[in-house]
Amino acid sequence: MRIISGDYGGRPLKTVAGKTTRPTSDKVRGAMFNMIGPYFHGGHVLDLFAGSGGLSIEAVSRGMAQATLVERDRQAQAVIRENIAMTKQASKFQLLPMEAKQALQLLQGPFDLVFLDPPYAEETIVETITELCQKQLLAEEVMVVCEVDKRVSLPEEVADLGIWKEKIYGISKVVVYVR
């Protein structure tokens, strides 16, 4: 795995060994960013289930100013720290080593881009988007990018967001919600 484009393009990404996380492949990550960007001019990205941190690091590489990564797994946290160190711009990243539910109580937005790739997709995604909206953590022009199994069907609308784009890549489906 590697960073695909931007300031850190071509740099290798470490991934978590075992089956506790499932990193987004380079192919899906590249397609995802082509779908939503592919480049940004500042803004704050939130990755609530960060895994190896690849999505947030890619977003900062492509122009996001700051990233907040939330990850509960200690092994994944260590990998995220290594991947952040690889950027040589650690000040652009904040790692919150905790459960997503706990982080939602502490976060301060607004976030312009949010990545949701939880272990148990559908229920958690709807609940999480609803809470992000209720806590007013999302910017007016927010994009919430959800990666789920291609068989998962997410609702057309959640809180005050609606599906903007939806695309299947192999066994994964990417669903993008906007206001």
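Start at 1 with the first residue, then count along the sequence.
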task = For R179, check side chain to side chain donor-acceptor pair (under 3.5 Å) against everything at least two apart and list the hits.
result =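 So R179 forms a side chain to side chain donor-acceptor pair (under 3.5 Å) with D160.
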Sequence neighbours excluded, every pair satisfying ring-ring contact (aromatic ring centres under 6.0 Å, His included) that has a member inside residues 43-81 =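 Listed once each, the pairs are H44-F111.
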message = Filter on ring-ring contact (aromatic ring centres under 6.0 Å, His included), then keep only pairs touching residues 55-92, sequence neighbours left out; what's left?
response =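 For residues 55-92: none.
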Quick check: closest heavy atoms across [X] and [Y], and the distance to 0.1 Å?
X    : Y    : result
T124 : P118 : CG2-CB, 3.9 Å
I129 : C146 : CD1-SG, 4.2 Å
V60  : A67  : CG2-CB, 3.7 Å
L69  : A50  : CB-CB, 3.8 Å
L48  : A103 : CD2-CB, 4.4 Å
Q66  : F93  : OE1-N, 4.5 Å

Residues which pass salt bridge (Lys or Arg N to Asp or Glu O under 4.0 Å) with [X], listed by chain and number, not counting sequence neighbours:
X    : answer
R151 : D149
R62  : E58
K167 : none

Got a list of side-chain donor-acceptor pairs under 3.5 Å for residues 130-142, not counting sequence neighbours?
residue : atom : partner : partner atom : Å
T130    : OG1  : V126    : O            : 2.8
E131    : OE2  : Q105    : NE2          : 3.0
K135    : NZ   : Q105    : OE1          : 3.4

query = In chain order, what residues pass the ring pair (Phe, Tyr, Trp, His ring centres under 6.0 Å) check against Y177, with sequence neighbours excluded?
reply =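 Once residues adjacent in sequence are excluded, Y177 has no partner under the ring pair (Phe, Tyr, Trp, His ring centres under 6.0 Å) criterion.
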ask   = Taking only residues two or more places apart in sequence or in another chain, which ones pass ring pair (Phe, Tyr, Trp, His ring centres under 6.0 Å) with F33?
value =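 So F33 forms a ring pair (Phe, Tyr, Trp, His ring centres under 6.0 Å) with F115.
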Under 3.5 Å donor-acceptor, Q77 side chain and R72 backbone =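 Present.
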key: Backbone of G162 reached by a side-chain donor or acceptor of E157 within 3.5 Å   =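 The answer is no, because no donor-acceptor pair under 3.5 Å joins these two groups.
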query = Taking a hydrophobic cluster as the set of Ile, Leu, Val, Met, Phe, Trp and Tyr residues connected by side-chain heavy atoms closer than 4.5 Å, whether directly or through intermediates, do L113 and V178 fall within one such cluster?
reply =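 Same hydrophobic cluster.
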query = With the 4.5 Å side-chain cut-off for hydrophobic clustering, are I4 and I84 part of the same group?
reply =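 Each belongs to a different hydrophobic cluster.
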With a 4.5 Å cut-off on side-chain heavy atoms, are [Y] and [X] touching?
X    : Y    : result
E71  : V79  : no
M86  : L13  : yes
L46  : V70  : yes
L154 : E166 : no
L107 : L96  : yes

query = Does the side-chain contact (heavy atoms from CB on, under 4.5 Å) test come out yes or no for K92 and T87, once each step is laid out?
reply = CA-CA 9 Å; K92 292 186 174 190; T87 70; over 6 Å; no
query = Rounded to the nearest 0.5 Å, what separation is found between the CD atom of E99 and the CG atom of D73?
reply =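 The distance works out to 10.5 Å.
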key: Approximate separation, where rounding is to 0.5 Å, of I57 CD1 and N83 CG   =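 Taking CD1 in I57 and CG in N83, the distance rounds to 4.5 Å.
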Partner residues of E82 under the side chain to side chain contact (heavy atoms under 4.5 Å, CB included) criterion, sequence neighbours left out =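 Partners of E82 by the side chain to side chain contact (heavy atoms under 4.5 Å, CB included) criterion, ordered by chain and then number, come out as K14.
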Set of residues satisfying side chain to side chain contact (heavy atoms under 4.5 Å, CB included) with respect to I168, sequence neighbours excluded =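 So I168 forms a side chain to side chain contact (heavy atoms under 4.5 Å, CB included) with K150, K173.
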message = According to side-chain hydrogen bond (donor to acceptor under 3.5 Å, both in side chains), does anything in residues 3-13 pair up with another residue at least two apart or in another chain? List the pairs.
response =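 Sorted pair list: S5-Y39, Y8-Q89.
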key: Over 12 foreign heavy atoms within 6.0 Å of NZ, K101   =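 Not more than 12 within 6.0 Å, no.
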